[in-house]
Amino acid sequence: MLSDYVALTKPRIIFLLLITAVGSMFLAAEGRPDPLVIALVVVSGYLAAGGANALNHGAERDIDQRMARTRTRPVAGGRISKRQAYGFGVLLNLAAFVILAAFVNVLSGLLAVAGTLIYLFVYTKGLKRTTPQNIVIGGAAGAVPPLVGWAAVTGTVELPAVYLFAIIFLWTPPHFWALALLIKDDYARAGIPMLPVVATLAATKRQILVYAVVLVVFSTTFVATGAVGWIYLVGAVALGAGFIVRAVRLVSNEGTEGARALYLFSILYLALLFGAVVTDSLASRYLIG
């Protein structure tokens with residue numbers, strides 16, 4: 001039962017979210033943030049995101065039961081009830097808010113809970129079953145962690161934090177659609193109008209390429225804000241080139257060949273891009289400043 005409750009939180013997905021939150025904290029601090037604040041944000045971030053995922057398990061039991069990839073999940077498999085999943089999700093989010101509000105600041109706690117509300121009500125309940133643009137709009141939920149990290153350090157949300165939010169917002173569609181190409185039959189059986197289900201294969205791959213180009217161009221313009229420097233820019237250009245090359249290969253190949261490679265690279269891309277943010281921040285503080 002313990003392993004099932006851990007599975008409700010989807011820990012592998014949360015790890016990437018925490019990287020983006022911590023990366024934002026280093027940028028906000030213009031160097032190394034308070035280690036205690038980092039620890040509080042990491043713990044609370046896991047609780048909030050894990051709670052959101054638990055709520056998602058409860059809300060999507062019927063969908064998960066129709067998909068081969070998800071039918072053995074704790075709620076779909078009947079090992080945990082919807083009520084238990086909902087209660088667990090709410091409890092984790094309450095804990096996240098209390099920790100952040102009491103030991104960091106209220107704004108960071110509110111933003112963490114806002115991410116959960118967007119994920120549950122905007123994406124899961126509002127858009128996922130109704131429009132192929134579900135992941136485009138609903139992807140805002142996964143872009144909230146940098147806002148939380150920034151607010152935890154500064155007590156405010158400023159332009160660089162919004163830039164980091166937008167980078168993840170633009171990254172989400174090509175990342176998710178690459179995966180959706182591989183499991184579109186599952187989504188079709190569940191009646192979910194993901195883009196590869198309702199559009200042609202060629203159209204989906206073109207959209208992935210378009211978003212990849214927009215993402216890379218936008219990520220490089222971050223330098224214009226003055227929040228990051230040449231170390232970040234070099235990383236953004238190099239990683240962006242790798243992203244676009246893989247997207248072009250996907251468009252050029254037959255069928256879904258190249259989709260898995262793009263999906264896996266997209267995860268590495270985001271982690272390393274925020275790693276470049278951290279490196280740039282530390283270099284600016286200790287080497288240049």
Side-chain angles (χ1 to χ4, degrees), residues 8-10 13-14 16-18 20-21 24 44-64 66-67 70 73 75-76 82 85-94 96-97 100 106-151 157 161-180 183 187 190-199 204 207-208 211 214-215 218 266 270:
L8 284 181
T9 66
K10 301 180 183 178
I13 296 174
I14 294 178
L16 188 59
L17 299 178
L18 294 178
T20 66
S24 178
S44 300
Y46 189 97
L47 293 174
N53 289 330
L55 293 168
N56 174 263
H57 274 278
E60 294 191 346
R61 182 180 65 176
D62 59 326
I63 295 175
D64 287 344
R66 297 197 295 268
M67 296 177 63
T70 58
R73 285 176 172 175
V75 178
K82 287 180 63 172
Y86 284 139
F88 185 57
V90 170
L91 180 63
L92 291 185
N93 272 273
L94 284 174
F97 175 78
L100 289 172
V106 174
L107 179 59
S108 61
L110 291 174
L111 287 170
V113 174
T116 294
L117 296 177
I118 294 171
Y119 186 52
L120 178 62
F121 292 105
V122 177
Y123 173 66
T124 302
K125 290 184 174 292
L127 300 173
K128 187 169 183 177
R129 303 173 191 242
T130 60
T131 172
Q133 295 301 307
N134 46 24
I135 199 63
V136 177
I137 303 169
V144 167
L147 302 181
V148 176
W150 191 279
V157 173
V162 176
Y163 248 88
L164 295 176
F165 171 93
I167 286 172
I168 301 175
F169 184 81
L170 293 171
W171 166 86
T172 301
H175 161 75
F176 195 87
W177 286 335
L179 173 64
I183 57 175
Y187 281 123
I192 303 301
M194 288 297 176
L195 186 63
V197 175
V198 301
T204 300
Q207 283 295 303
I208 289 174
Y211 269 93
V214 173
L215 165 66
F218 183 81
S266 68
L270 194 65

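These numbers come from a predicted model, not from an experiment. Basis for what follows: all heavy atoms, side chains included, without hydrogens, waters or symmetry-related copies.
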- Does a side-chain heavy-atom distance below 4.5 Å link Y187 with I63? no
- How about L127 and Q133: do any of their side-chain heavy atoms sit closer than 4.5 Å? no
Rounded distance (nearest 0.5 Å) linking atom [atom1] of [X] with atom [atom2] of [Y]:
X	Y	atom1	atom2	result
I208	L195	CD1	CG	8.0 Å
Y86	N56	OH	CG	9.0 Å
I167	T172	CD1	OG1	11.5 Å
T204	M194	OG1	CE	12.0 Å
I13	N53	CD1	CG	5.5 Å
S24	L164	OG	CG	5.0 Å

Is [X] reaching over with its side chain to a backbone N or O of [Y], donor-acceptor style, under 3.5 angstrom?
X	Y	answer
T116	A48	yes
N134	T131	yes
W171	S266	yes

- Angle class for the F218/Y163 ring planes (parallel below 30°, perpendicular above 60°, tilted otherwise)? parallel
Ignoring hydrogens, what is the shortest heavy-atom contact between [X] and [Y]? Give both atom names and the distance.
X	Y	result
G58	K82	O-CE, 3.1 Å
A151	L111	CB-CD1, 3.8 Å
T70	A76	O-CB, 3.7 Å
A59	T124	CB-CG2, 3.8 Å
Y211	L170	CD2-O, 3.9 Å

- Are R73 and E60 ion-paired here, with the side-chain N under 4.0 Å from a carboxylate O? no
